[in-house]
Amino acid sequence: MELSRLPGFLLRRGIKAAVVILAIVVCNFLLIHAAPGDPASVIAGQSGAADERFLAQLREQFGLDKPFHVQLWIYLKGVLTLDLGFSHRQQQPVWTLISDRLPATLLLTGAAFAFAVTAGVTLGTLAARRVGRWADSVITVIALTFYATPIFWVGLMLVLFFSVWLEWLPSFGMATVGVELSGLAAVLDVGKHLILPAATLGLFYLAVYARLTRATMLEVADQDFVKTARAKGVPEGQVVRRHVLRNALLPVITFAGIQAGQLIGGSILVETVFAWPGIGRLAFDALLARDYAVLLGVFFCTSVMVVLFNLLTDLLYAVVDPRVEVEG
Amino acid sequence: MSDFWRRFRRNRGAVVGLVILVLVFLLAAFAPLLFPGSPWDMATAPFVPPGEEGMLLGSDSLGRDVAAGIAHGARISLMVGAVSTIAALSIGVSLGAIAGYLGGIADDAVMRFTEFFQTIPSFVFAILLVAIFTPSIGSVVFAIAVVSWPPVARVVRAEFLSLRSREFVQAAEVLGKSRLSIVLTDILPNALSPIVVLSSLMVASAILLESALSFLGLGDPNLMTWGFLIGAGRSVIRLAWWMSVFPGLAIFLTVLALNLVGEGLSDALNPRLARQRGGAA
């Protein structure tokens, strides 16, 4: 795409993203009202921890005595100013709870994503260059296996193997408890705790990216410009890197955007297994306490993250591939 | 039919998958005979390792038989997988048919709606739905159906788009058949094969989703499920590895079998597309 058309493209995508975010807020609002019982008691948590005064305050805050559309407006205004409500259980605003845990989740998903893309694209390239040979079949089998395995179970099996039997890696938390570390030692400590959760989360996507890279590389390798490059005498390694792989990476970018939501969902399970102190773990604790204000907040924030990530991949795609349509 | 079976059989993985699937079905069907009584009842001492005291797969922290839990859990997994897939299919097929057959504004509206559901993190949404409508078999099935219909709608829409301009549909229109009967008797039967292939994969992902929900404690509290078994074994994995390993293997084998059967169905139903598969699950 020409760079001069970029602002318009960005504007359209931005509007689209805003509409989706608005729809998510409305969805949350409808859910609160669809739940059995009074919205105030839903937000306060049903297990009876809330006192009457708090309920009355919630009813007022949501304007429950006002008409439906006014209630929706009050709720919208609240969420859009990042007022996601108050967790009665934790005695803290929901936004504070979530923003405290955000870095841990970003670290986990980022590491898992980087691992999945690098290893997946490498394996996929290998498989495509050796179609029908053993490396190819091994990768297909690995992909099939990880498609069919529950991610939390993979996590538990890695804990069993690397923490319980081999005692190589820690099985829970983000840092060693009760030890004051600083500088490089602290970073290494977190890194050691990160390996198993990131590997668990990344393995599934590794399989996906390997398959995707393999398929598109085989497709691109048949095209004329690759034959031309070979005919010109470009060395094989360079053909693969600069002509085939570069074009084969485009679907990988698209797919990364599509998978962002699943990556977040997976991180809830992985954080639960490894007691990783991120948003997923927060959601699990909120689930146990039936703390709906936090759950709704987590759903809103993760959705916004996915929308932003999609925006980013769209942009990346448009910049990388000059043929991309400027439509929509 | 024999042609279908011949093409299906050519895919060796699909045959293996079918065999595994039949075994899981038999296990589910005969669970009350193989393991009489409730899987929640204490059968022996707690933490008996596999193979000892008549416990084929060991016992859990309350002395319950893990094998009995797996057999009874198979009923729930298969049932949830099937019912939620049927529910998701009915949503997806209706919306896809409307979008593909009517086109225009209806198509646009349905596709925006579908895109919205594909954008939001579906697992987080499913958790929210089950939590808010309180965990029960009904809310689990509902949540799985709500998050899994979009691919069906897309596939059905694409099929309907290409089929609606074919001559036999035009002929039916000229004959004065009603729209509904054209959709149901002329177009839908011709769009069935991709739907069939997709549904076997959907049952697989529904089983995975159900296990993840019950692992988080969102399963029906009265029903023994595979995900619940793994969740219960999580905190005692250092003491009793068998509590989490075997139920996980059960999920893996069932889901793998369904995926393999799906590939076989795809090969058998549209040989043309057999080679293009891969990528998105």
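The analysis underlying the following values was restricted to heavy atoms, covering all of them including side chains, and did not include hydrogens, waters or symmetry mates. The sequence lines fix the lettering, A, B, ..., with proteins before strands; numbering per chain opens at 1.
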Side chain to side chain, A/L31 and B/F125, heavy atoms closer than 4.5 Å: yes
Interface moiety of B/L218 toward chain A, non-hydrogen atoms closer than 4.5 Å: side chain
Which atoms of A/L144 approach chain B - backbone, side chain, both or neither, heavy atom under 4.5 Å: both
Partner chain A: residue of B/L208, B/V130, B/V245 with the largest heavy-atom pair count (under 4.5 Å): B/V245
B/L216 and A/F152, any side-chain heavy atoms less than 4.5 Å apart: no
Residue A/F284 versus chain B: region with a heavy atom under 4.5 Å: side chain
Region of A/V306 in contact with chain B, defined by heavy-atom distances below 4.5 Å: side chain
Structural part of B/F116 lying under 4.5 Å from a heavy atom of chain A: side chain
Portion of B/L258 that has a non-hydrogen atom of chain A nearer than 4.5 angstrom: neither
Sidechain-backbone polar pair: B/R234 side chain, A/T272 backbone, donor-acceptor under 3.5 Å: yes
Student check: side-chain heavy atoms of B/I127 and A/F299 closer than 4.5 Å: no
Atom group of A/T145 that falls short of 4.5 Å from chain B, counting heavy atoms: both
Any side-chain heavy-atom pair of A/Y147 and B/V255 under 4.5 Å: no
Contact class of A/V304 relative to chain B, heavy atoms under 4.5 angstrom: neither
Check: B/A131 main-chain N/O paired with A/Y292 side-chain donor or acceptor under 3.5 Å: yes
Winner by heavy-atom pair count (cut-off under 4.5 Å) against chain A, out of B/A204, B/G231, B/S244, B/G13: B/S244
Proximal component of B/L209, with respect to chain A [non-hydrogen, under 4.5 Å]: neither
